[in-house]
Amino acid sequence: MSSSPYYLKGSALSVRLNGVVGWLARHGLSLAGSAELSVRGRKSGELQRIPLNPHSYDGAQYLVSARGHSQWVRNMRAAGGGELRVGRKVREFTAVELPDAEKLPVLRTYLERSGWQVGAYFQGVTAASSDEEINAVAVDHPVFRITVKG
C-alpha cells in the first residue's frame, strides 16, 4: 500500500482537453459551468491556471479535486485563495479546506451533478454509493469552500 496521497494524473488527451476548456473559459465561454482557476504557485510564486467546475451546495460554493491531491490543491493550501475567471469576469476568493468528516453531502451532490464527467476518478464510488463508501474516498478528494471577495 502506498503512503503517497491519492493523485490520478491526466492522460495526454485529458491534458489537451483541459487546455481547450481553460482557453474557452479565459475567453468567455463556460462549458458545463467551467471556469479557469488561477492560484499562486507555492514554490514559483507564479499564477498557475487550470479549468475547474465550481460546485454549489446549500448556498455555498466549493472547489472539488476529482483527481486527488494535485498541484492546484497543494498551491491552494499555501495560498488560501485565488481567482475564478470566465472571460472578463474575474471573481477573487478565499478558500478553506473542509475536513474529511464534512465532505459527504458536498461530494454526493458533486457526483450527482458531475459524475458523468469525473466519475472515473472516484474509484467506483458514485452518487448512489452508501455514505460509508463516499466517506471512504473523501480523504482522496480535497474540497475547498470558497468565499468570493467583494
### Query
Between R40 and M76, is there a donor-acceptor pair closer than 3.5 Å when you use the side chain of the first and the backbone of the second?
no
### Task
Please identify each residue that fulfils salt bridge (Lys or Arg N to Asp or Glu O under 4.0 Å) with K149, with sequence neighbours left out.
E92
### Message
Go through it in stages, so that I can follow the logic: the residues are L37 and L63, the test is side-chain contact (heavy atoms from CB on, under 4.5 Å), and I'd like the CA-CA distance, side-chain angles, deciding distance and then a yes or no.
### Response
CA-CA 10 Å; L37 167 68; L63 300 178; 4.2 Å; yes
### Message
Using the side-chain contact (heavy atoms from CB on, under 4.5 Å) definition, which of the options Q123, R67, K103 pairs with H141?
### Response
Q123
### Task
Spell out, as yes or no, whether a donor-acceptor pair under 3.5 Å connects the side chain of W72 to the backbone of H69.
no
### Query
Looking at side-chain heavy atoms only, is the closest gap between E102 and R145 below 4.5 Å?
yes
Under 3.5 Å, which donor-acceptor pairs link side chains of residues 47-54 to any protein atom two or more places apart or in another chain?
unit_1 : atom_1 : unit_2 : atom_2 : d
Q48    : NE2    : S44    : OG     : 3.4
Q48    : NE2    : E46    : O      : 3.3
N53    : ND2    : A32    : O      : 2.8
N53    : ND2    : Q117   : OE1    : 3.4

### Query
Roughly how far, to the nearest 0.5 Å, is NZ of K9 from OG of S70?
13.0 Å
#### Entry: Contact summary for V39 and A79, nearest pair of heavy atoms
CG2-CB, 3.9 Å
### Task
With sequence neighbours excluded, tell me which residues meet salt bridge (Lys or Arg N to Asp or Glu O under 4.0 Å) with D58.
none
Output a table of donor-acceptor pairs, distance under 3.5 Å, between side-chain atoms of residues 15-28 and any protein atom two or more places apart or on a different chain; print 'none' if there are none.
unit_1 : atom_1 : unit_2 : atom_2 : d
R26    : NH1    : E36    : OE2    : 2.2
H27    : ND1    : W23    : O      : 2.7

### Message
Given 3.5 Å as the limit, does a donor-acceptor pair link the side chain of N75 with the main chain of R42, or not?
### Response
yes
## Note on the structure
Looking only at heavy atoms, the pair that brings G33 and S30 closest together is C-OG, 3.2 Å
### Task
Using distance alone, with no hydrogens and no angle criterion, decide if E112 and T109 have a side-chain donor and acceptor under 3.5 Å apart.
no
Would you be so kind as to tabulate the donor-acceptor pairs closer than 3.5 Å made by side chains of residues 84-91, with sequence neighbours excluded?
unit_1 : atom_1 : unit_2 : atom_2 : d
R85    : NH1    : G87    : O      : 3.2
R91    : NH1    : Q61    : OE1    : 3.0

### Query
Are Y7 and V73 close enough that some pair of their side-chain heavy atoms sits under 4.5 Å apart?
no
### Transitive ILVMFWY cluster of Y6, excluding itself - 4.5 Å side-chain cut-off
L8, Y57, Y62, V64, L98, L104, V106, L107, Y110, L111, V118, Y121, F122, V125, I134, V137, V143
